[in-house]
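What follows is a single structure, written as structure tokens, with notes after it.
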Amino acid sequence: VVRTHNRESRGGPDFTTFRRVPDHSPEGEVVFVREDDPRCRELEELGFTVTGYSWGANLRLDETCDLTRLNERVANVAQDGFTIRELHVADLALVVELERRTADDYPVTLATNHVAPSLETLIDLLAAGARAWGAFTGDELIAVTLAKSRGERWNSEFTSVLSQFRGRGIGSAVKAASLVALFNDGHRWFSTGGAESNSASLGANLALGYVLEPRWRTYVKSLE
Ligand SMILES: CC(C)(COP(=O)(O)OP(=O)(O)OC[C@H]1O[C@@H](n2cnc3c(N)ncnc32)[C@H](O)[C@@H]1OP(=O)(O)O)[C@@H](O)C(=O)NCCC(=O)NCCS
């Protein structure tokens with residue numbers, strides 16, 4: 001049994017789109033609660049214990065924001081010879097291939113589990129208004145980020161960079177490109193999240209200015 005408390009109501013990121021949590025976790029009953037939620041105490045009194053953490057972060061921009069640093073990230077990567085642009089339906093087969101190659105690098109936890117999307121899933125996402133950006137070297141797609149609106153808030157659903165191109169500013173640059181484009185289209189609130197163990201993802205998002213919200217706890221109560 002998996003229950004998720006408060007993710008949406010507090011405006012934090014959620015992991016529903018590609019999150020696959022078994023109905024009957026072998027570990028017992030699993031509940032995700034933000035650490036500032038009074039229900040943490042109630043759960044502890046009921047015998048739940050914390051088995052892991054995940055994080056959420058928000059970036060709120062306004063008209064006074066200076067996007068120079070975001071634009072610089074994109075420009076630096078362009079200077080290194082990579083092309084960053086928004087992706088369209090014709091690019092989605094490349095996204096499927098990239099996500100297939102990076103799928104095993106996303107940390108799998110009870111709170112965060114990424115399933116490489118199929119072409120049909122991606123086509124449906126774009127048709128429903130999601131938007132994606134990618135980085136290319138020549139014709140090869142080496143990085144992708146996909147954002148989906150959840151009301152006023154644009155949440156990053158997934159971001160990945162081919163392993164041999166990591167640590168060169170490319171992941172943060174594709175995300176910066178998405179933020180600038182969405183900002184220019186009038187959007188101001190962005191969210192993201194991930195497993196506590198994912199320091200690369202956390203580092204890339206903090207570098208872009210995302211601000212961490214209180215952590216999410218994964219509570220588990222063992223089956224008797
Ligand atoms: C997460 C991921 C997309 C980051 O992409 P990347 O291109 O390697 O990241 P960048 O090079 O743009 O790094 C940006 C910042 O994060 C920091 N960072 C990058 N890798 C890091 C690591 N392993 N540990 C700590 N910080 C790290 C860098 O210091 C950098 O900050 P700076 O630019 O101010 O120096 C990439 O590691 C990846 O594809 N991981 C597998 C899939 C995944 O887990 N996706 C995220 C979940 S949605």
Side-chain angles (χ1 to χ4, degrees), residues 13-21 54-57 59 70 73-74 76-78 80-126 128-150 154-182 190-210:
D14 56 85
F15 305 95
T16 48
T17 310
F18 296 110
R19 181 163 146 257
R20 194 185 44 192
V21 181
S54 53
W55 54 273
L59 175 63
L70 295 179
R73 285 193 175 266
V74 180
N76 289 342
V77 164
D80 291 341
F82 300 98
T83 306
I84 293 188
R85 65 165 173 83
E86 184 161 6
L87 303 177
H88 302 288
V89 173
D91 302 305
L92 293 180
L94 294 175
V95 176
V96 172
E97 175 60 12
L98 173 60
E99 280 285 293
R100 191 188 59 74
R101 292 171 73 185
T102 57
D104 289 345
D105 301 336
Y106 286 85
V108 177
T109 69
L110 283 170
T112 62
N113 189 4
H114 178 75
V115 177
S118 66
L119 185 59
E120 294 69 32
T121 301
L122 291 173
I123 290 172
D124 288 350
L125 276 166
L126 256 59
R131 294 175 67 181
W133 283 260
F136 292 82
T137 172
D139 291 336
E140 188 187 11
L141 182 72
I142 55 149
V144 64
T145 190
L146 184 138
K148 180 176 161 187
S149 88
R150 298 178 179 271
W154 279 76
N155 186 59
S156 298
E157 300 292 318
F158 61 84
T159 304
S160 73
V161 177
L162 215 50
S163 58
Q164 62 268 40
F165 292 99
R166 289 184 194 149
R168 296 168 62 174
I170 298 172
S172 53
V174 279
K175 221 162 162 182
S178 75
L179 293 171
V180 170
L182 290 167
F190 308 93
S191 64
T192 188
E196 178 157 73
S197 59
N198 200 344
S199 42
S201 175
L202 182 60
N205 286 300
L206 294 180
L208 293 170
Y210 281 85

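Values below: all heavy atoms of this structure, side chains included; hydrogens, waters and symmetry mates excluded. For the single chain, residues carry numbers from 1 onward in sequence order.
- In this structure a side-chain-to-backbone donor-acceptor pair under 3.5 Å is missing from Thr102 to Asp105.
- Counting heavy atoms from C-beta outward, Val77 and Ile84 have side chains that approach closer than 4.5 Å.
- Side-chain contact between Leu141 and Glu97 is absent, with no heavy atoms from C-beta onward closer than 4.5 Å.
- The shortest distance between side-chain heavy atoms of Leu122 and Glu99 does not fall below 4.5 Å.
- Here the CZ-OG1 distance, from Phe136 to Thr83, works out to 8.0 Å after rounding to the nearest 0.5 Å.
- Seen from the ring of Phe190, Lys175 does not count as a face-on cation partner, given the 6.0 Å and 45° thresholds.
- Taking CZ from Arg101 and CD from Gln164, the interatomic distance works out to 6.0 Å, rounded to the nearest 0.5 Å.
- Closest of all the heavy-atom pairs between Ala93 and Leu119 is N-CD1, 3.8 Å.
- With a 4.5 Å cut-off on side-chain heavy atoms, Ser160 and Val144 count as touching.
- The CD1 atom of Ile170 sits 9.5 Å away from the CG atom of Leu162 when rounded to the nearest 0.5 Å.
- Between Leu59 and Trp154 the shortest side-chain heavy-atom distance does not fall below 4.5 Å.
- Distance alone, capped at 3.5 Å, places no donor-acceptor pair between the Arg73 side chain and the Gly169 backbone.
- Checking side-chain atoms of Ser118 against main-chain N and O of Thr121 turns up a donor-acceptor pair under 3.5 Å.
- Residues Val74 and Ala173 approach most closely at CG2-O, 3.6 Å, considering heavy atoms.
- Residues passing the ring pair (Phe, Tyr, Trp, His ring centres under 6.0 Å) test with Trp133, sequence neighbours excluded: none.
- When all heavy atoms of Ser172 and Leu208 are compared, the pair lying nearest together is O-CD2, 3.5 Å.
- Here the shortest heavy-atom pairing between Ala147 and Leu182 reads CB-CD1, 4.3 Å.
- Expressed to the nearest 0.5 Å, how far CG of Asn205 lies from OG1 of Thr192 amounts to 4.0 Å.
- The CG atom of Leu98 sits 12.0 Å away from the CG atom of Asp91 when rounded to the nearest 0.5 Å.
- Atom OG of Ser54 sits about 11.5 Å away from atom CG of Asn198, to the nearest 0.5 Å.
- Every residue meeting the ring pair (Phe, Tyr, Trp, His ring centres under 6.0 Å) condition with Phe82, not counting sequence neighbours, appears here in chain and number order: Phe165.
- At least one donor-acceptor pair closer than 3.5 Å links the side chain of Tyr106 to the backbone N or O of Thr159.
- When atom types are taken as modelled, the side chain of Trp55 and the backbone of Gly194 share a donor-acceptor pair closer than 3.5 angstrom.
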